[in-house]
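Naming convention: chains lettered A, B, ... in sequence-line order (proteins, then strands); numbering from 1 in each chain.
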Amino acid sequence: MDRYNFRSIEEKWQKYWEDNNVFKTTIDKSKKKFYCLEMFPYPSGKIHMGHVRNYTIGDVLARYKGLQGYNVLHPMGWDSFGMPAENAAKQNNLDPKIWTEKNIENMKSQLKKLGLSIDWSREISTCSEDYYKHQQNFFLELYKKKLVYRKENYVNWDPVDETVLANEQVIDGRGWRSGALVQRKKLNQWFFNISKFSQDLLDELENLDNWPNKVKTMQKNWIGKSFGCEINFDVEGDIPIKNIKCFTTRPDTLFGFSFLALSVDHEISNFYKDDKDFLKFRDECSKTGTTEEAIAVAEKIGFKTNLVAINPLNTKEKVPVYFANFVLMDYGFGAVFGCPAHDQRDFDFAKKYDLKIKTVVKPNDEDETFQVLDKAYTGPGVLINSDFLNGLKTPEEAVIETIKIIENKKLGKKQINYRLKDWGVSRQRYWGCPIPIAYDENNNPHPIPKSMLPVKLPQNINLNTKGNPLDKETVWKTTIIDGKKMTRETDTLDTFVCSSWYYLRFCSPKNQEYGFDKDEIDYWMPVDQYIGGVEHAILHLLYSRFFMRALSHENKNINLKEPFNGLFTQGMVCHETYKDPDNNWVSPDEIEIIDGKKYLKKDNSKQITVGSSESMSKSKKNTIDPENIILNYGADAARLFILSDSPPEKDVQWSEEGITSSFKFIQKLWILNSKILDEIKSDHKNDADHEIEKYTNKFLKKVTENLESFSYNKIIANLHEVYSFLIKKISSKYTRKTLINNYKKILITMMPVVPHLSSECLNLINAKEIHWPEYNENLIKEEIAKIVIQINGKKRGLIETEPNLPENNLMKIINKDEKILKYLDGKKIKKKIYIKNRLINIIL
RNA sequence: GCCCUCGUGGUGAAAUUGGUAGACACAAAGGACUUAAAAUCCUUGCCGCUUGCGGAGUGCCAGUUCGAGUCUGGCCGAGGGCACCA
């Protein structure tokens, strides 16, 4: 019996698939389509286990759908613009393009070794001119539709990467890539008007039935809709300002008004720009900015103006106006009215500056003497101390009533606000898609004419400069449009723009005229199943949803809002962490096991401490290189293991034992195959066929259901079960025809998981016409019912009977069963609950 | 602080959606084969008297039900998301 030579067999099939263009796809309107897409990788140089998991999950689905007869689109490409290339290029003094292309070459060959069913003829790379010229065209289309605009704005400035970051790229006050503390800086920036679609982006979440609720909730919170009203407060004081607009969700608490707070960037700050104390205060605020600690400690500080604001519902009441560090300029109107009794933040501020705290809401279970003392009350209740509003139920009734009153008195109006802000897309970087704009001598922007696209990145430039290298390219910067000399925009686009439409490009990757072909996207879009990491729950997925809307906006040819019909977010790959006695992280490769204990390979005196299992990361050195795994165990074993044990949406623990066990299972399946080949050399008459028919059909049902529900870990369990069955029953003398038929079906179900082994075995049994096997419900029907006997809800026995046995007949059997009679003990039966074919519960 | 998700053997997990808890796998222990080892196969969730049998058992406490891992309420714990959003 020969050993399974995974290397030659995997290579053979990969070559066969490639040479025969097995996964090449074209439109075929006679067939139902299935667009299976995994998030495309950044070409960092090598694939990691996260990729292996992501692409294995996608491949299982793509192959399954293909076997079912769908016309499957399963492409792959490269998210190849971005800072790592630029940084690597700087360090090694080479061209980012060359660095990137080399990485792509390498990663592509690694991915191919995984045996993925990818149509490589559709490969795209976002850094190629062929890709970004269409992106520039889209930018100009959006510009024309006024969905792109330029404004001066405070930005999140990353001092290490010397670039602007989107709010979403600032994590805990630090740059998401560099980890540097983010600063505030005012710059001219390009923006995509994503907030125009806030309501629609929110509404359509409801219809995304095949998205995880988790992701929908995150997006919902991110969009952050709130209902309230704007109120125009009259003010009096020493500057020529008559009123200040505020946004509030709690107008019902207006009688608890005790101060008005402004953002330091509010237009009123212009009157204080010569006030040294104010400037000092403003500095103080920008320092506490967005850092983690600052928010945690979050001391509320204010700067008192000489203004007073008048309560519009009680004009006798005048309260002080402050600038305060907790008021944001880019939400609402940069001004809030303070009601300390019913907002914790206002409460803290009032305590600090000794402002009035007037209770105007009492909880439902309190009486009217209720007073807010050491903590704001933000819950529901009834309005008190509020004159004509007294007795209203809050918040629902009271908010609506108050808004009506405010509208009638023309003091303000109903208003809906969103937290979602427009998407700043300008980046001060070389390695990105150039923004196709040029400026005239008055600094007015002009689109680059379509005929002059693409605006190509200059090559062979000096990257070792501070700030944006494109700024220094004086020759490149200068251009002539309509005979006028102009200066190019030197900012490039955020790389999230590239990934916002790549799913469209895959439909027609070769179209030179436009980013995609209408016929092609009409057939292929939307993506039926999108698979990737949950880390993109907000940024990438929201941007893509926006981009699809932006392209469809005012465009009769495209009527598509949602790019991804189904979304699946897979968990991470984790591994134990190791440290040496000096507290340094140690990689699994550097460890040797002696007598069950782990030691440092190069120094056996040093014992390793084993830490918790965490997601694989270079910094903790707990990574496993997929290339080595494929080399030593094969792609099928790697695929099998990455799907085993844990459900795909949860984290999976990588372990040496696990991959070894998967490797062994592949070997076992191969031995089984050899035995079956022996077995089918002769035929049998003995009619044991029914057994295998039945088992196979039950198995097919389970596997099919598990595939449909992404329960891929259960499929592996099913494969173990079917193996155990076959290896035991192989000599049961099934007729040759039946054995081959059923074995063929089983092998086909293995195709999505272990395609090389499965293809080889199918070939060896000379199987033709390979398509997903249907199961026959009639063959699955149970011929024996196992009925649990419960006495007073406790399991006391198990009886095997014919199916659908009437209760009377069952009781006859029970009455002959000594074990059970022991429990009945002649007692009177009060009640019987009989669930056919399942259980009977006898209550005494 | 707010929002979401999840708590099942030593470990990763299953459980026909309210009906035999622990499928499948990893680890450990014991056993078989072997001169021996490797490989392979079998047995074992826990507590008790030890073929068998009995008991407890799905984070904790209540509730609904003939019956709860599954449903309801309250607590405890873990993970994730958001960050002064008015």
Visitor: The side chain of A/Leu798 lies closest to which of these nucleotides: B/rA13, B/rG54, B/rU20?
Guide: B/rU20
Visitor: Between protein and nucleotides 21-28 of chain B, map the contacts as a letter string: B base, S sugar-phosphate only, - none, heavy atoms under 4.0 Å, written 5' to 3'.
Guide: --BSSSS-
Visitor: At under 4.0 Å between heavy atoms, what does A/Lys664 touch on the DNA or RNA strands: base, sugar-phosphate, or nothing?
Guide: sugar-phosphate
Visitor: Is the closest basic N to carboxylate O distance between A/Glu230 and A/Lys414 below 4.0 Å?
Guide: no
Visitor: Report yes if the distance between the aromatic ring centroids of A/Phe665 and A/His720 is under 6.0 Å, otherwise no.
Guide: yes
Visitor: Rounding to an integer number of angstrom, what distance separates B/rA27 and B/rU11 when you compare their C1' atoms?
Guide: 7 Å
Visitor: Measuring only the C1' atom in each nucleotide, how far is B/rG9 from B/rC46? A whole number of Å is fine.
Guide: 8 Å
Visitor: For RNA chain B, which residues of residues 213-221 of chain A approach it to below 4.0 angstrom with any heavy atom?
Guide: A/Thr217, A/Met218, A/Asn221
Visitor: Nearest whole angstrom, please: distance from the C1' of B/rG67 to the NZ of A/Lys832.
Guide: 17 Å
Visitor: Relative to each other, are the rings of A/His342 and A/Tyr377 parallel, tilted or perpendicular (30° and 60° limits)?
Guide: perpendicular
Visitor: Under 4.0 Å: is that the gap between some side-chain N or O of A/Thr249 and OP1 or OP2 of B/rC85?
Guide: no
Visitor: Any ion pair linking A/Asp252 and A/Arg250 (charged N to carboxylate O, less than 4.0 Å)?
Guide: yes
Visitor: How far does the P atom of B/rC33 sit from the matching atom of B/rG69, given to the nearest Å?
Guide: 43 Å
Visitor: If the C1' atom of B/rG59 is compared with that of B/rG67, how far apart are they to the nearest Å?
Guide: 23 Å
Visitor: Starting at CD1 of A/Ile835 and ending at P of B/rU16, how long is that distance when rounded to a whole Å?
Guide: 15 Å
Visitor: Between P on B/rC66 and NZ on A/Lys794, what's the gap in Å once rounded to a whole number?
Guide: 18 Å
Visitor: Measure CZ/A/Phe227 against C1'/B/rA86 and give the value in whole Å, please.
Guide: 15 Å
Visitor: Taking the P atom in each of B/rA38 and B/rA28, what is the distance between them to the nearest angstrom?
Guide: 12 Å
Visitor: Measure CD1/A/Ile820 against P/B/rC53 and give the value in whole Å, please.
Guide: 12 Å
Visitor: Using a cut-off of less than 4.0 Å, is there contact between a side-chain N or O of A/Lys698 and OP1 or OP2 of B/rU16?
Guide: no
Visitor: Should A/Thr248 be listed as having a side-chain N or O under 4.0 Å from OP1 or OP2 of B/rA86?
Guide: no
Visitor: Aromatic contact between A/Tyr353 and A/Phe349, with the criterion being ring centroids under 6.0 Å apart: yes or no?
Guide: yes
Visitor: Specify the separation, in whole Å, of atom CG of A/Asn841 and atom C1' of B/rU20.
Guide: 13 Å
Visitor: Roughly how many Å apart are B/rG12 and B/rG73, using the P atom of each and rounding to a whole number?
Guide: 28 Å
Visitor: Under 6.0 Å between the ring centres of A/Phe257 and A/Phe233?
Guide: yes
Visitor: Side chain of A/Leu328: nearest nucleotide among B/rC82, B/rC84, B/rG55?
Guide: B/rC84
Visitor: Is the distance from OP1 or OP2 of B/rG67 to the nearest side-chain N or O of A/Arg838 less than 4.0 Å?
Guide: no
Visitor: Given side-chain hydrogen bond (donor to acceptor under 3.5 Å, both in side chains), test A/Ser613 with A/Glu576 step by step and report yes or no.
Guide: CA-CA 4 Å; A/Ser613 184; A/Glu576 279 182 333; over 6 Å; no
Visitor: For the side chain of A/Lys786, starting at C-beta, report the closest nucleotide among B/rA83, B/rA14, B/rU20.
Guide: B/rU20
Visitor: Heavy atoms only, 4.0 Å cut-off, all strands: where does A/Leu839 land among base, sugar-phosphate and nothing?
Guide: base
Visitor: Determine the interatomic distance between C1' on B/rG48 and the same-named atom on B/rC60; round to the nearest Å.
Guide: 25 Å
Visitor: Using the closest heavy atom to pick a nucleotide of RNA chain B for each, name whichever of A/Glu649 or A/Arg345 lands nearer the 5' end.
Guide: A/Glu649
Visitor: How is A/Val652 classified with respect to the nucleic acid when contacts are heavy atoms under 4.0 Å: base, sugar-phosphate, or nothing?
Guide: nothing
Visitor: Apply the syn/anti split at 90° from 0 to B/rU17 and say which one it is.
Guide: syn
Visitor: Angle class for the A/Phe710/A/Tyr712 ring planes (parallel below 30°, perpendicular above 60°, tilted otherwise)?
Guide: tilted
Visitor: Please work out if A/Lys650 contacts a base, only the sugar-phosphate, or nothing of the nucleic acid, heavy-atom cut-off 4.0 Å.
Guide: sugar-phosphate
Visitor: Is B/rG81 syn or anti, taking syn as a glycosidic angle within 90° of 0?
Guide: anti
Visitor: Return the 5'-most residue of the pair A/Asp651, A/Tyr723 with respect to RNA chain B, ranking by each residue's nearest nucleotide.
Guide: A/Asp651
Visitor: Check the distance between B/rU16's P and A/Glu708's CD and give it to me in whole angstrom.
Guide: 18 Å
Visitor: Nearest of B/rC82, B/rG12, B/rC53 to any side-chain atom of A/Ser646?
Guide: B/rG12
Visitor: Before we go on, tell me: are the rings of A/Trp423 and A/Phe496 under 6.0 Å apart, centre to centre?
Guide: no
Visitor: Is atom NZ of A/Lys220 surrounded by more than 12 heavy atoms (other residues, nucleotides or ligands) closer than 6.0 Å?
Guide: no
Visitor: Using the P atom on both, measure B/rC75 against B/rC82 and round to a whole Å.
Guide: 26 Å
Visitor: Only Watson-Crick and G-U wobble pairs with both distances less than 3.5 Å should count. Give RNA chain B in dot-bracket notation, marking inter-strand partners with |.
Guide: (((((((..(((......[....))).(((((.......))))).((((..))))...(((((..]....))))))))))))....
Visitor: Measure from the ring center of A/Phe333 to the ring center of A/Phe247 and say whether it is less than 6.0 Å.
Guide: no
Visitor: Could you tell me whether A/Glu206 atom CD has more than 12 heavy atoms of other residues or ligands within 6.0 Å of it?
Guide: no
Visitor: For the pair A/Glu705 and A/Lys714, find out whether any cationic side-chain nitrogen is under 4.0 Å from an anionic carboxylate oxygen.
Guide: no
Visitor: Is the distance between the ring centroids of A/Phe303 and A/Tyr322 less than 6.0 Å?
Guide: no
Visitor: Rounded to whole Å, please give me the gap between OH in A/Tyr834 and P in B/rG19.
Guide: 17 Å
Visitor: How about CD on A/Glu807, more than 12 heavy atoms from neighbouring residues, nucleotides or ligands closer than 6.0 Å, or not?
Guide: yes
